[in-house]
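Contents: one structure, followed by commentary.
Chain identifiers are assigned alphabetically (A, B, ...) following the order of the sequence lines, protein sequences preceding nucleic acid strands; residue numbering begins at 1 within each chain.
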There are 2 protein chains.
Amino acid sequence: MSELPLLPQAGSAPPERADAARNRARILAAAERLFAERDPASVTMEDIAKAAGVGRGTLYRRYPDRAAIARALLDEHERALQEKLLRGAPPLGPGEPGGRSASPGERLAAFYAEMAALLEAHLPLALGAETGAARYGTGAYGFWRAHVAQLVREAGLDDPQTLADQLLAPLAPELFRHQRELGLSGERIAAGLATLARRTLD
Amino acid sequence: MSELPLLPQAGSAPPERADAARNRARILAAAERLFAERDPASVTMEDIAKAAGVGRGTLYRRYPDRAAIARALLDEHERALQEKLLRGAPPLGPGEPGGRSASPGERLAAFYAEMAALLEAHLPLALGAETGAARYGTGAYGFWRAHVAQLVREAGLDDPQTLADQLLAPLAPELFRHQRELGLSGERIAAGLATLARRTLD
DNA sequence: GCCTAAGTGGACAGCGTGTCCACTTGCCTT
DNA sequence: AAGGCAAGTGGACACGCTGTCCACTTAGGC
């Protein structure tokens with residue numbers, strides 16, 4: 001397992017004033033509510049400012065756009081999954097050296113299942129954070145990419161770089177929403193992904 | 001091969017006045033040029049109107065938004081591919097009944113190759129037409145979806161509906177651009193897709 | 001309590017959208 | 001050949017969102 005780019009752990013922040021902290025909390029709470037109750041793409045910075053009871057300037061001071069707010073909300077959940085991938089028990093984690101570990105296909109299936117669950121739980125945030133091309137720029141995406149590339153490598157396939165992105169494509173939040181709106185359950189989506197994972201890597 | 005929803009063949013249009021036809025041609029030409037020379041997402045309806053030498057009202061009369069224009073430009077190429085899928089020789093087409101035909105995995109790989117070539121040739125249009133969630137609503141997407149679902153069915157896998165969308169995900173124009181910008185060649189991308197196709201369906 | 005820098009909020013200019021409608025022009029009729 | 005009318009045209013308009021800027025306020029160390 002080579003160098004996985006970890007999502008920055010919110011390192012030693014320069015101290016934050018009490019009113020600033022209060023407003024940050026208000027902003028995040030208001031944004032989460034708004035994302036959940038309408039199409040995240042239609043939520044404007046102005047809406048969030050108004051709902052949080054702060055001015056536009058205050059909002060822009062911390063977050064350059066809607067996506068940054070959604071990402072901040074999503075980060076926590078994604079870091080939890082990253083932990084499990086790095087240090088959790090098989091099939092999700094790598095397993096002890098010398099101990100038993102799962103096949104690449106099983107591990108990819110387990111990862112897919114976790115991601116599907118994460119999307120199921122926080123789809124509005126994912127849609128707010130990673131719509132379209134922005135997805136590929138996030139730190140989290142880089143992490144998933146490195147993880148999947150490693151699994152591809154272990155499976156002995158050519159060109160893990162290229163395949164990793166292609167294997168992550170079915171996890172695009174927009175596709176997940178599309179499939180849910182077609183009436184497919186989260187389980188059914190996860191089952192499809194599991195099939196894909198096993199057949200591709202095992 | 002059941003009921004594939006064909007893209008409407010531009011049926012008997014109500015006759016179009018000569019000046020209207022001239023302006024339509026101007027609009028399409030101007031839009032294609034603009035899409036090619038900058039990020040399609042940044043091209044505005046106003047830009048297109050100005051470049052085509054027509055007023056905004058004229059533009060909106062025919063096309064509700066940028067995506068509709070890009071789709072009109074793409075349609076021609078997509079219909080050509082649809083023809084080949086339905087009636088072309090193997091491995092792309094189904095082959096004669098009783099004659100030789102390719103395996104589902106080979107056929108999916110051939111389809112992937114054609115789509116990658118189409119993206120390579122017309123990426124700006126694809127980005128203009130199918131950015132984000134809009135992709136799933138187009139008639140063309142429905143066609144690809146039905147085609148891939150049929151291949152999945154022939155391969156004997158469960159739930160072709162769900163898998164079809166997931167197998168189409170790596171063809172998202174934004175992903176293609178992302179991979180190209182990473183320095184991957186079209187051939188390398190196509191090779192990855194071929195691996196995916198064969199391992200999944202064969 | 002005072003001082004200072006961090007924090008705040010609303011005003012502002014700019015841009016893109018989509019609509020609307022008075023005018024123009026192609027084309028069919030007689 | 002002329003007339004009429006519906007299709008077509010283009011630009012003005014109102015609206016909403018963005019991102020910046022800056023004069024004011026407040027927290028918290030000294």
Side-chain angles (χ1 to χ4, degrees), chain A residues 10-31 33-35 37-72 124 127-129 131-134 137, chain B residues 10-31 33-35 37-72 124 127-129 131-134 137:
Chain A
S12 59
E16 187 183 44
R17 252 167 57 170
D19 53 346
R22 189 200 59 205
N23 278 342
R24 143 173 286 128
R26 278 187 177 195
I27 288 168
L28 291 176
R33 189 167 52 75
L34 288 178
F35 285 147
E37 72 193 19
R38 4 175 178 145
D39 176 9
S42 80
V43 175
T44 72
M45 290 295 265
E46 197 158 19
D47 291 336
I48 297 173
K50 197 159 296 181
V54 305
R56 305 170 49 62
T58 304
L59 198 49
Y60 277 102
R61 156 171 284 264
R62 279 197 247 302
Y63 302 108
D65 53 32
R66 197 183 48 228
I69 303 179
R71 246 179 285 128
L127 288 167
T131 206
Chain B
S12 59
E16 188 183 44
R17 254 169 54 170
D19 54 345
R22 188 201 58 206
N23 278 341
R24 143 173 286 126
R26 278 188 178 193
I27 287 169
L28 291 176
R33 187 167 53 75
L34 288 179
F35 285 147
E37 73 193 18
R38 0 174 181 147
D39 176 9
S42 81
V43 176
T44 72
M45 290 295 265
E46 196 157 20
D47 292 336
I48 297 173
K50 197 159 295 180
V54 304
R56 304 170 50 62
T58 304
L59 198 50
Y60 277 103
R61 156 171 287 265
R62 280 195 249 302
Y63 303 107
D65 53 31
R66 198 182 47 227
I69 303 180
R71 248 179 284 128
L127 288 168
T131 205

Worksheet, complete the sentence: Those residues at least two apart in sequence (or on a different chain) that pass side-chain hydrogen bond (donor to acceptor under 3.5 Å, both in side chains) with A:Asp65 are none
Response to the item:
On a heavy-atom basis, the closest approach of A:Pro124 and A:Pro40 is O-CG, 3.4 Å
Worksheet item: What residues, two or more places apart in sequence or in another chain, satisfy side-chain hydrogen bond (donor to acceptor under 3.5 Å, both in side chains) together with B:Arg33?
Response: none
Worksheet item: Between atom CG in A:Asn23 and atom P in C:dA6, what is the gap in whole Å?
Response: 17 Å
Practice prompt. Give the rounded distance in Å between these two atoms: CD1 of B:Ile27 and C1' of D:dG8.
Written response: 11 Å
Distance-only criterion, 3.5 Å: show the donor-acceptor pairs between side-chain atoms of residues 21-30 of chain B and protein atoms not counting sequence neighbours.
{"unit_1": "B:Arg24", "atom_1": "NH1", "unit_2": "B:Glu16", "atom_2": "OE1", "d": "3.4"}
{"unit_1": "B:Arg24", "atom_1": "NH1", "unit_2": "B:Glu16", "atom_2": "OE2", "d": "2.0"}
{"unit_1": "B:Arg26", "atom_1": "NH1", "unit_2": "B:Ala52", "atom_2": "O", "d": "3.4"}

Worksheet item: If only side-chain N and O atoms of B:Arg24 are considered, is one of them under 4.0 Å from the OP1 or OP2 phosphate oxygen of D:dT9?
Response: no
Response to the item:
When rounded to the nearest 0.5 Å, the distance separating CZ of B:Arg66 from CZ of B:Phe35 is 6.5 Å
Fill in: Closest heavy-atom pair and its distance - B:Ala70, B:Ala129
CB-N, 3.5 Å
Worksheet entry | d(OH, A:Tyr63; C1', C:dT8) in whole Å | 16 Å
Item to complete: Take atom CG of A:Leu59 and atom P of C:dG7, then tell me their distance rounded to the nearest Å.
Response: 15 Å
Response to the item:
Heavy atoms of A:Tyr63 and A:Met45 approach each other most closely as O-CE, 3.4 Å
Practice prompt. State the CD1-CD1 distance between B:Ile48 and B:Ile69, to the nearest 0.5 angstrom.
Written response: 4.0 Å
Discussion item. Is there a side-chain contact between A:Thr58 and the phosphate of C:dG9, meaning an N or O under 4.0 Å from OP1 or OP2?
Written reply: yes
Item to complete: If a protein heavy atom is under 4.0 Å from the base, mark B; if only from the sugar-phosphate, S; if neither, -; do that for nucleotides 14-22 of chain D going 5' to 3'.
Response: ---SBBBB-
Fill in: Pairs involving residues 45-58 of chain A, ordered by first then second residue, that meet salt bridge (Lys or Arg N to Asp or Glu O under 4.0 Å) (sequence neighbours left out)
A:Arg38-A:Asp47
Worksheet item: Which letters describe nucleotides 24-30 of chain C, given B = protein heavy atom under 4.0 Å from base, S = only from sugar-phosphate, - = neither?
Response: -BSS---
Practice prompt. Grab the CD1-C1' distance between B:Ile48 and D:dG10 for me, whole Å please.
Written response: 16 Å
Response to the item:
Against the side chain of A:Arg61, the closest entry in D:dT9, C:dG9, C:dT8 is C:dT8
